[in-house]
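Read through the structure below, which is laid out as structure tokens, and then see the notes.
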Amino acid sequence: MLRQMDWLPPDAEFDEIFASTGRPRPHYASLVSALDAHDGDELKRREQLQRMSLLNQGITFAVYGDKQGSERVFPFDFVPRIIPYDEWQPIEDGLVQRVTALNLFLSDVYSEQRCLKDGIVPWELILTRPEFKREVVGIAPQRGVYTHVVGTDLIRDGDGRYLVLEDNCRSPSGVSYVLENRNLQKRAFPELLRDYPVRPIEDYPRVLLETLRHAAPRWSQAPLAVVLTPGIHNSAYFEHSFLAREMGVPLVEGRDLAVEDNHVFIRTTDGKQRVDVIYRRIDDEFLDPLAFQRDSVLGSPGLLNAYRAGNVALANAPGAGVADDKAVYAYMPELIRYYLDEEPRLEQIHTWIGARPEDFTYMVEHLDELVVKTTGGSGGYGMLIGPSASKQEIDEYRAKMKEAPHEYIGQPRIELSTHPTYLDEAFRPRRIDLRPFILYGDRVRVMPGGLTRVALRDGSYVVNSSQGGGSKDTWVLEERNP
Amino acid sequence: MLSRVAGSLYWLGRYVERAENVTRLLQVTSQVAVEFGGLDDKLAISEWEDFARLLATDPLEAARPDGPVVAHTEEFLLNADNPLSVHGSLARARDNARAVREALTHEVFLNLNAAYRGLDERRRTGIADAVAAGDAVADTHRAILTALGSMENTLNRDQGWTFLKLGEAIERTQRTLSVLSAKLPSLRGANEDGGLPLLFARRRGLLRSVASLENFRRVHSGGLDANAVARFLLFQPDAPRSVRCGATRMSNYLQQLPSPRGMGAAARIAGRLLATLSYEDDHIMSAPDLAGFCDDAIDALAKLHEAIGRQYFPN
């Protein structure tokens with residue numbers, strides 16, 4: 001029984017469903033009753049049903065460096081996360097503001113660099129980053145948009161406040177799981193959705209295609225957009241294939257592309273066909289061996305010149321990665337004020353920056369209290385969670401940090417909110433975060449909800465799919481509350 | 001469409017067809033061999049030898065204590081390391097499907113994946129005896145047919161479909177030809193005195209191994225004359241597994257595909273084969289031995305396969 005889950009959130013933590021044991025928050029009341037109407041056997045049966053359907057549908061991801069066969073399913077938990085309308089609206093407004101500012105920032109650093117000259121952000125922080133691409137300085141992307149797709153990670157602190165954890169401006173993944181989770185939820189627990197006015201999300205691929213076509217450089221009735229994938233062994237291949245299928249556009253690999261006279265073509269059975277927009281799911285470094293990494297076979301030689309000539313749009317634009325750097329994150333509130341003359345609508349976590357000597361000193365002295373990450377890193381690789389690390393781990397990490405202080409940032413550990421999750425035939429509290437997806441086409445649009453990731457291991461804070469995370473369906477409710 | 005996608009769909013068609021063919025051959029051979037077991041050991045063994053010859057591999061040596069059925073099922077249905085096995089073909093079919101999932105429907109991938117996963121589960125649990133072996137083969141066959149049904153019923157009849165079916169037609173025609181070439185000589189030349197019931201059973205097995213027994217009966221009720229069987233499998237225009245039907249399909253599919261400069265090499269090969277089958281049937285049947293024609297036709301299919309690759313997916 002969910003209501004009798006034997007657990008109370010400690011003071012510093014916030015549980016999404018329960019204000020206290022047995023007392024669900026109002027918007028969760030129907031859900032708790034509906035789940036508690038089933039006995040243990042029935043819950044087990046439903047869980048097995050959705051597990052089978054995950055396997056049969058091949059909803060999998062690859063784990064790098066994993067020896068036991070590289071394909072794994074991304075576990076799905078059937079207890080949905082519910083976000084009421086009045087809680088969601090400020091998030092949506094805040095994300096629109098943030099993504100607008102991120103794009104103004106990118107336009108600026110790749111043109112006049114006013115924010116560096118005005119001293120809002122130290123220039124060395126931007127210009128020395130590998131993510132800053134000199135190759136595209138002075139090249140304005142179509143319609144000034146750098147980040148057509150952004151995934152911004154949010155967490156909730158002990159008071160239930162939503163805080164931005166990080167922005168992902170390169171090629172954030174996870175949206176395919178959001179859409180598949182809704183399908184799994186509908187199949188395994190059709191009755192749960194009956195009591196809630198849940199905002200639909202199925203049109204994401206259509207909006208994504210509109211966003212991509214909006215970026216097309218030439219006027220055409222139907223500009224050709226393609227999804228560029230590194231291939232079947234990439235961890236997010238399922239998603240690349242899923243999005244191409246849902247949008248009805250070709251899924252291409254580097255070897256399918258050819259660049260001639262600064263125009264990009266795909267090789268078809270009927271000769272070459274011109275491409276207008278590439279939704280690329282490969283990093284900048286691999287896009288074009290002539291411009292970036294020379295031994296890359298994932299991209300296509302000459303692609304960057306075609307982009308510079310304005311003959312093809314790349315989504316997201318090359319160089320956009322500099323905006324999601326963990327050090328730039330620290331300056332986001334300032335940047336929002338600078339470009340928009342507005343106060344940030346979403347709060348974020350205080351951040352110490354290794355590049356600042358006084359911050360670095362604080363970090364190495366307080367490693368046991370901080371969460372330390374490498375700038376530019378992602379996927380939960382290479383981070384230290386001080387409060388749960390051993391003394392030896394901390395000492396080793398400190399030694400590594402001293403080799404390259406500017407590559408690290410530190411943050412206080414924020415207690416992620418917990419959400420009851422069905423594991424081993426019982427409901428257990430597990431920590432969660434939220435990654436909403438934001439599309440920037442003719443305007444900025446936010447998909448209702450996003451990917452709720454859950455750290456399935458007891459006591460874990462790491463929600464990444466590669467490190468034992470799972471996910472939940474996320475319901476944003478219409479204005480009418482149940 | 002993308003050349004790479006066309007190539008994967010072509011191979012998908014071939015591998016699913018191959019998996020289906022080998023599953024059925026295994027099923028029929030097991031049944032015929034079991035039937036002969038008590039009567040004539042040598043004949044039962046020769047059925048398994050024919051089976052191995054059809055897959056162009058060596059016969060399995062040591063018969064296990066629980067008999068050749070379990071041994072052959074383990075090797076040719078379940079062995080993941082044997083590229084000739086059904087497991088091998090389905091794994092490749094699934095790899096190709098994964099690589100072009102965006103060009104398929106949800107149902108096609110779902111059913112193909114389920115067929116593979118079901119078989120892989122059997123591989124892990126193993127099979128205990130001949131009954132379990134028969135069960136595994138039957139289940140696999142059903143799962144493959146379900147996947148084929150979902151292709152038939154959910155895919156657009158577009159260029160991708162044409163490549164998929166082209167691969168299927170070539171694979172299937174090649175199989176019919178190799179079954180004929182392996183089995184027919186002994187059935188045609190055999191002395192019908194004394195061994196008629198056995199001979200009948202073997203001819204029946206031949207037709208069943210290319211899924212044509214019922215179809216043959218509908219055209220030639222009653223007996224199973226060796227020449228009539230050969231004619232049926234070679235020339236019957238409306239039998240889905242006859243060589244002529246295969247050649248017609250290949251020719252039609254190739255006409256639907258883009259060809260920049262007149263008739264391509266592939267279309268020429270398929271057209272020539274179809275003409276031979278349509279107009280030279282009496283001449284072919286008058287030869288003392290059909291193996292010569294079968295070998296030439298298999299050779300033509302290999303050339304056709306190469307020509308398609310050169311023309312549509314050169315990388």
Side-chain angles (χ1 to χ4, degrees), chain A residues 51-62 69-71 73 176 179-180 183 187 205 209 224-234 236-258 265-273 275 279 281 297, chain B residues 1-10 80 91-92 94-118 120-121 124 143 146-147 150 156 158-160 162-163 166 253-254 256-261 264 266 308-315:
Chain A
R51 197 184 291 267
M52 277 315 293
S53 110
L54 260 177
L55 276 170
N56 280 338
Q57 293 180 53
I59 304 175
T60 56
F61 67 95
S70 58
E71 242 179 283
V73 297
S176 56
L179 297 166
E180 287 292 355
N183 287 332
R187 258 182 84 171
L209 185 58
L224 179 63
V226 300
V227 178
L228 174 59
T229 174
I232 191 159
H233 300 295
N234 184 264
Y237 179 76
F238 168 79
E239 174 153 310
H240 308 159
S241 157
F242 176 92
L243 289 173
R245 192 172 68 235
E246 290 286 324
M247 292 192 286
V249 307
L251 176 68
V252 307
E253 296 177 15
R255 57 190 159 132
D256 299 321
L257 296 175
F265 298 87
I266 50 173
R267 300 177 213 269
T268 76
T269 52
D270 199 10
K272 298 191 177 87
Q273 196 182 347
V275 176
Y279 179 35
R281 298 291 302 253
V297 290
Chain B
M1 72 185 309
L2 278 180
S3 292
R4 178 179 52 81
V5 174
S8 286
L9 289 170
Y10 171 83
R92 284 179 180 78
R94 179 171 170 270
D95 284 349
N96 277 289
R98 277 189 73 209
V100 296
R101 204 172 158 166
E102 75 290 351
L104 300 171
T105 57
H106 183 68
E107 288 86 349
V108 169
F109 186 81
L110 194 88
N111 286 305
L112 199 56
N113 193 36
Y116 170 78
R117 288 194 356 92
D120 198 54
E121 185 59 34
R124 267 181 275 129
T146 307
S150 58
N156 263 350
D158 56 9
Q159 216 183 85
T162 307
F163 278 106
L166 184 59
Y253 294 142
L254 285 164
Q256 290 165 29
L257 293 177
S259 179
R261 291 174 298 277
I308 291 168
R310 266 198 310 277
Q311 192 168 339
Y312 296 109
F313 20 94
N315 294 318

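The basis for the numbers below is simple: all heavy atoms, side chains too, and nothing from hydrogens, waters or symmetry mates. Treat the numbers as computed from the prediction; the structure is a model and nothing was measured. Protein chains get the first letters and strands the later ones, always in sequence-line order, with residue 1 at the start of each.
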I need the minimum non-hydrogen distance between [X] and [Y], along with the two atoms involved.
X       : Y       : result
I232(A) : R98(B)  : CD1-CB, 3.6 Å
F238(A) : R101(B) : CE1-NH1, 3.6 Å
E102(B) : Y237(A) : OE1-OH, 4.4 Å

| task | Under 4.5 Å heavy-atom distance to chain B, tell me which part of V227(A) shows up: side chain, backbone, both or neither. | result |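 For V227(A), neither part sits under 4.5 Å from chain B.
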| Interface moiety of E253(A) toward chain B, non-hydrogen atoms closer than 4.5 Å |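 For E253(A), the contact with chain B is made by backbone and side chain together.
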Select one option (side chain, backbone, both, neither) describing which atoms of [X] are under 4.5 Å from chain A's heavy atoms.
X       : result
L104(B) : backbone
F163(B) : side chain
D95(B)  : backbone

| Test side chain to side chain donor-acceptor pair (under 3.5 Å) applied to S241(A) - qualifying residues, sequence neighbours left out |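 Per chain and number, S241(A) pairs via side chain to side chain donor-acceptor pair (under 3.5 Å) with no residue.
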| task | Give the member of T105(B), L2(B), L110(B) that has the highest number of heavy-atom pairs under 4.5 Å with chain A. | result |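 Result: the option with the highest number of such pairs is L2(B).
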| Residue among A114(B), A99(B), A103(B) with most heavy-atom pairs under 4.5 Å to chain A |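 Heavy-atom pairs under 4.5 Å are most numerous for A99(B).
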Nearest-0.5 Å distance that lies between atom [atom1] in [X] and atom [atom2] in [Y]:
X       : Y       : atom1 : atom2 : result
Y312(B) : D270(A) : OH    : CG    : 8.5 Å
H106(B) : N183(A) : NE2   : CG    : 7.5 Å
R245(A) : F109(B) : CZ    : CZ    : 8.5 Å

| message | Whether the side chain of T269(A) engages the backbone of S3(B) through a donor-acceptor N/O pair (distance < 3.5 Å, no angle test) should be reported. | response |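 Not a single qualifying donor-acceptor pair exists.
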| Under the salt bridge (Lys or Arg N to Asp or Glu O under 4.0 Å) test, residues paired with R281(A) that sit two or more places apart |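 With sequence neighbours excluded, R281(A) shows a salt bridge (Lys or Arg N to Asp or Glu O under 4.0 Å) to E239(A), given in chain and number order.
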| message | Taking atom CZ as the centre, does R117(B) end up with more than 12 heavy-atom neighbours from other residues, nucleotides or ligands that are less than 6.0 angstrom away? | response |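 Result for CZ/R117(B): enclosed.
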| task | I would like to know whether M1(B) and Q273(A) meet side-chain contact (heavy atoms from CB on, under 4.5 Å); could you show each step before the answer? | result | CA-CA 9 Å; M1(B) 72 185 309; Q273(A) 196 182 347; over 6 Å; no
